[in-house]
Participant: 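The structure follows.
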2 protein chains.
Amino acid sequence: MEKTDEIDRRILNVIQVDAALSQRDIADRVGLSQNALWRRLKRLDEAGFIQGARTRLNAAQLGLDLTVFVMVRTRNHSVEWAEGFRKHVARIPEVQELHRIGGDWDYMLKVVTRGMSGYDAVYRRITTGIELDTVTGLFSMEAMLEDRPLNVFG
Amino acid sequence: MEKTDEIDRRILNVIQVDAALSQRDIADRVGLSQNALWRRLKRLDEAGFIQGARTRLNAAQLGLDLTVFVMVRTRNHSVEWAEGFRKHVARIPEVQELHRIGGDWDYMLKVVTRGMSGYDAVYRRITTGIELDTVTGLFSMEAMLEDRPLNVFG
DNA sequence: GTTGAAACACCCTCAAT
DNA sequence: ATTGAGGGTGTTTCAAC
């Protein structure tokens, strides 16, 4: 595993917040020449720290106004069943995340969709064609903090 | 609220997956000239559909190997308390999301940190200096799906 | 690590269709 | 909506220090 120094982390922290900055601007912010920055960026990229850039869209404006965390309990805890479940929910584009968790529940999904009717359709897709024990939804009434950058320091 | 047609949604779907594509490449993928694409991108941006670009980092390689969903129950359900709680957790950089939810719990936080000792420190920061009723953590043992694009169609 | 420069790609705008 | 072209900016790779 490659190492990162303080400047590397400042670079990563800048670009994870704004991927549209020019190398000139990034270099100024972290106190490097554009040339030196370019070499560090290339190294960080080749070492696997950087996993591409994404454009963030306004979900609400696209009608995607409902976020639901879906808790799932199952009786089958085999690796095979888990992989089948992963493939099952991977086909549902409204599913943003799927975690295998410990505690009272076995899996947690984050679903972003169009209102309650959209969620109803997603719920039916999740529960159809696969055997689940218990399913319940925790509805987000307000996203008070969202999409924050990773804590690359500390 | 501005409207989007099929081509707009295809554009948004392309750039939300890869923000590093040139306008030339995007135009080819959606079947437009570079010039026409530029005008649509400008319109979509000015209409507020686009909220900037972010570089995605390899959390595990940065040592951020533990994801915990923290469930919080409180006795105070006033708007003022909620805003104070938001400011309280906003100071903790390991908190990726904070949702006010319905059901058995009042709030849910997504925390990404460095192992159990990192989570312990975050847990103490969350529960210190503010009155919470019940706090419990759901530990992600495996992120089976993560960071998926929004469903801009349908 | 730095500056400077050259070659190339990309972005933005405009003219013409 | 399209192609084509020009100027300005950004990226990538040099050489020299």
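Chain identifiers are assigned alphabetically (A, B, ...) following the order of the sequence lines, protein sequences preceding nucleic acid strands; residue numbering begins at 1 within each chain. Hydrogens, waters and symmetry mates play no part in the numbers below; they use all other heavy atoms, side chains included.
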Participant: Round to a whole Å and report the spacing from CG of B/Leu41 to P of D/dA1.
Facilitator: 12 Å
Participant: Anything under 4.0 Å to a heavy atom of chain A counts; send over the first and last such nucleotide of DNA chain C, read 5' to 3'.
Facilitator: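 Footprint of chain A along DNA chain C, 5' to 3': C/dG1 to C/dG4.
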Participant: Which part of the nucleic acid does A/Arg39 contact within heavy-atom distance under 4.0 Å: base, sugar-phosphate only, or nothing?
Facilitator: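 A/Arg39: base contact, heavy atoms under 4.0 Å.
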Participant: Does any pair with a residue in residues 50-78 of chain B pass ring-ring contact (aromatic ring centres under 6.0 Å, His included), and if so which ones, sequence neighbours excluded?
Facilitator: A/His99-B/Phe69
Participant: Apply side-chain hydrogen bond (donor to acceptor under 3.5 Å, both in side chains) to B/Ser117 and list each qualifying residue two or more places apart in sequence or on a separate chain.
Facilitator: none
Participant: Just verifying a value: how many Å separate A/Met108 CE and A/Asp106 CG, rounded to the nearest 0.5 Å?
Facilitator: 13.5 Å
Participant: Generate the contact string for nucleotides 10-17 of chain D. Rules: B means base contact, S means sugar-phosphate contact only, - means no protein heavy atom under 4.0 Å.
Facilitator: SSBBB---
Participant: List in chain and number order the residues that pass ring pair (Phe, Tyr, Trp, His ring centres under 6.0 Å) with A/Phe139, two or more places apart in sequence or in another chain; answer none if no residue qualifies.
Facilitator: A/Tyr119
Participant: A/Tyr107: which residues meet the ring pair (Phe, Tyr, Trp, His ring centres under 6.0 Å) condition with it, sequence neighbours left out?
Facilitator: A/Trp81, A/Phe85
Participant: Applying salt bridge (charged side-chain N to carboxylate O under 4.0 Å, His left out), which residue pairs with at least one partner in residues 122-133 of chain B are found, sequence neighbours left out?
Facilitator: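 Every pair satisfying salt bridge (charged side-chain N to carboxylate O under 4.0 Å, His left out) with a residue in residues 122-133 of chain B: B/Arg75-B/Asp133, B/Asp120-B/Arg124.
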Participant: Restricting to pairs with a member in residues 46-68 of chain B, which pass salt bridge (charged side-chain N to carboxylate O under 4.0 Å, His left out), not counting sequence neighbours?
Facilitator: B/Arg56-B/Asp147
Participant: Which salt bridge (charged side-chain N to carboxylate O under 4.0 Å, His left out) pairs, counting each pair once, include a residue from residues 7-21 of chain B, with sequence neighbours left out?
Facilitator: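 Matches after skipping sequence neighbours: B/Asp8-B/Arg40, B/Asp8-B/Arg43.
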